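What follows is one structure encoded as structure tokens, with my remarks underneath.
None of the values given here were measured: they were computed from a predicted structure. Hydrogens, waters and symmetry mates play no part in the numbers below; they use all other heavy atoms, side chains included.
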Amino acid sequence: MVSIWPEVEPSEVLLLSGAELATLLDRDALIAAMADAMRAYSAGEAVVPLRTMMRLPGGATRILAAMPGYLGDSADTGGGAQSDAAEAVGAKLVSVYPENAARGLDSHYGLVVLFDPETGRPGAVMDGTFITTARTAAVSAVSARLLAREDTMVLTVIGAGVQARAHLWALAGVRSFREARVVSRHRAQAEQLAAAVRGHLPFPVHAAADVEQAVRGADVVVTATSAATPVLERSWLKPGAHVIAVGSSTPAARELDSETVHDSLLVVDSRTGALAEAGDILTPLREGLISPEHIHAELGELLAGTRPGRSSQQQLTLYKSLGMAVQDLAAARLALQQALASGVGTRVRL
């Protein structure tokens, strides 16, 4: 039988697993790559439409999201030198199943695909779950480098999942903490995380029994939960603290009370995204406590020096993270370069 389909020249694609990515993505290089990506985004050197989010049947909170993007060739890849393949074109597909925690599974899974910027042919497919986790924490580290006080000593992480672990890893690269506290609604998970990272970080990590006690006196506070209602209250925060909110990414969910947002110097990854998706910001907007102008800056504007950062040691600062395709692209580009240089990965023909 003669096929009606024309002969198609196969494309060779490099596959990279999460375990391989963990060996390829150096922490300091990844943090630098995220800084370059955010600077490029705010300078108009990237194309990043709002993610498309489709709610799935079988669970009110199940989501499939598509995040395409383009990152131009003006940003470097973390090592300070321009890449020979500096442009990046690609997309991430990510599923969100919050109920997976009860199954012992991650709540987020994904794939990142990179295409050849010249021809559009697919070039690499990699584990988007690891990319998302690592790049989110690395961008948070950029925010801490820019906004946290230099004399920062105590780190508190609310949540005990993969993002909590990643933030301990990333933030250790930008501030000399004396101690870290991990707190979760499930004490056993916080204890397990503290035990798992013990000896792998330059500061002790211990599990706290109570969120308020864990937050009081902390210099940097990370919220990395799946909560839909606030887990952090303004009255718990010390003067001069830096808050990093990464857990919520939909208009109806938030981790922070409105007073925290109102009293903070508010920095976001994207104004457009924050005003469309960030429940932490949209709720106090609806309440009339803040206006859209309360967003002080995008992270990329601080990096470029077009907007100022912290103005005093007593100022409360807040970075609200939503995550962007430009971050996925920059991390994937860095990983691909390292993989090609070291021969890591599996090549398949499509």
Side-chain angles (χ1 to χ4, degrees), residues 136-137 139-144 146-149 152-160 163-164 167 171 175 180-185 208 210-271 273-299 302 307-323:
T136 301
V139 179
S140 293
V142 173
S143 85
L146 292 170
L147 293 168
R149 288 170 47 149
T152 286
M153 300 181 71
V154 179
L155 167 64
T156 290
V157 180
I158 305 173
Q163 277 296 350
H167 276 74
L171 290 167
R175 284 293 184 269
R181 308 164 183 169
V182 178
V183 62
S184 171
R185 61 181 176 177
D210 177 80
V211 176
E212 179 179 351
Q213 292 179 357
V215 170
R216 288 195 179 276
D219 301 291
V220 175
V221 178
V222 177
T223 59
T225 74
S226 59
T229 56
V231 297
L232 180 65
E233 294 185 14
R234 171 67 181 96
S235 61
W236 302 343
L237 292 163
K238 67 180 288 187
H242 176 53
V243 177
I244 300 169
V246 303
S248 62
S249 59
T250 63
R254 59 172 176 158
E255 297 178 295
L256 314 177
D257 67 358
S258 296
E259 290 74 19
T260 295
V261 180
H262 174 270
D263 291 352
S264 298
L265 182 80
L266 175 58
V267 177
V268 299
D269 41 20
S270 160
R271 282 188 178 85
L275 293 173
E277 299 176 338
D280 286 301
I281 297 172
L282 293 174
T283 301
L285 269 171
R286 288 192 295 266
E287 295 170 344
L289 289 180
I290 64 172
S291 68
E293 290 71 33
H294 187 67
I295 297 176
H296 171 73
E298 292 178 343
L299 205 58
L302 299 186
R307 294 288 289 165
R310 172 183 290 276
S311 61
S312 76
Q313 291 289 82
Q314 303 301 305
Q315 187 174 45
L316 182 67
T317 59
L318 165 61
Y319 169 58
K320 174 54 195 170
S321 167
L322 283 171

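Counting all heavy atoms, side chain and backbone alike, Val268 lies closest to Ala274 at CG1-CB, 3.8 Å. Nearest heavy atoms, Ser184 versus Ala160: CB-CB, 3.9 Å. Closest non-hydrogen pair, Gly323 versus Asp269, comes out as N-OD2, 3.0 Å. Nearest heavy-atom pair, Ala148 versus Val220, reported as atom, atom and distance to 0.1 Å: CB-CG2, 3.9 Å. Residues Arg234 and Leu316 approach most closely at NE-CD2, 3.7 Å, considering heavy atoms. Scanning all heavy atoms of the two residues, the minimum distance from Ala297 to Leu302 falls at CB-CD2, 3.9 Å.
In this structure the side chain of Asp280 never reaches within 4.5 angstrom of the side chain of Thr223, judged on heavy atoms. With contacts defined as side-chain heavy-atom distances shorter than 4.5 Å, the pair Leu232/Leu237 qualifies. Side-chain contact between Ser248 and Lys320: present, with at least one pair of heavy atoms (C-beta onward) separated by less than 4.5 Å. The shortest side-chain heavy-atom distance between Leu318 and Leu256 falls under the 4.5 Å cut-off. Annotation: side chain of Val157 is not in contact with side chain of Gln163 (no heavy-atom distance under 4.5 Å). Between Ile281 and Ile290 the shortest side-chain heavy-atom distance falls below 4.5 Å. Two residues are said to be in side-chain contact when any heavy atoms from C-beta on lie closer than 4.5 Å; Ile158 and Glu255 fail this criterion. Side-chain atoms of Val211 and Trp236, non-hydrogen and from C-beta on, do get closer than 4.5 Å to each other.
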(Q) Walk me through whether Leu171 and Val222 qualify under side chain to side chain contact (heavy atoms under 4.5 Å, CB included). (A) CA-CA 10 Å; Leu171 290 167; Val222 177; 3.7 Å; yes
Q) Would Ser321 and Ile244 satisfy side chain to side chain contact (heavy atoms under 4.5 Å, CB included), going step by step from the backbone distance to the final call? A) CA-CA 7 Å; Ser321 167; Ile244 300 169; 5.5 Å; no
**Q.** Residues Ser143, Val267; criterion side chain to side chain contact (heavy atoms under 4.5 Å, CB included); working and verdict
**A.** CA-CA 9 Å; Ser143 85; Val267 177; over 6 Å; no
Q: Decide yes or no on side chain to side chain contact (heavy atoms under 4.5 Å, CB included) for Val139 and Tyr319, but give the supporting numbers first.
A: CA-CA 10 Å; Val139 179; Tyr319 169 58; 3.2 Å; yes
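Expressed to the nearest 0.5 Å, how far OG1 of Thr317 lies from CG of Asp263 amounts to 12.5 Å. To the nearest 0.5 Å, atoms CZ (Arg216) and OG1 (Thr156) are separated by 12.0 Å. With rounding to the nearest 0.5 Å, the separation of NE2 in His242 from CG in Leu265 is 10.0 Å. The distance from atom OG of Ser258 to atom CD of Glu233, rounded to the nearest 0.5 Å, is 11.5 Å. The CD atom of Glu298 sits 10.5 Å away from the CZ atom of Arg307 when rounded to the nearest 0.5 Å. The distance from the CG atom of Asp257 to the OG1 atom of Thr229 is 11.0 Å, given to the nearest 0.5 Å.
Considering only residues two or more places apart in sequence or on other chains, Arg185 meets the salt bridge (charged side-chain N to carboxylate O under 4.0 Å, His left out) condition with none of them.
Arg149 pairs with exactly one of Gln315, Arg175, Gln313 by the side chain to side chain contact (heavy atoms under 4.5 Å, CB included) rule, that one being Gln313.
The backbone N or O of Pro308 sits less than 3.5 Å from a side-chain atom of His296, completing a donor-acceptor pair. With hydrogens and angles ignored, the 3.5 Å screen pairs no side-chain donor or acceptor of Arg254 with any backbone N or O of Pro284. Under a 3.5 Å cut-off, the side chain of Asp219 and the backbone N or O of Met153 do form a donor-acceptor pair.
Of the N and O atoms on the side chains of Ser291 and Glu293, at least one donor lies less than 3.5 Å from an acceptor on the other residue.
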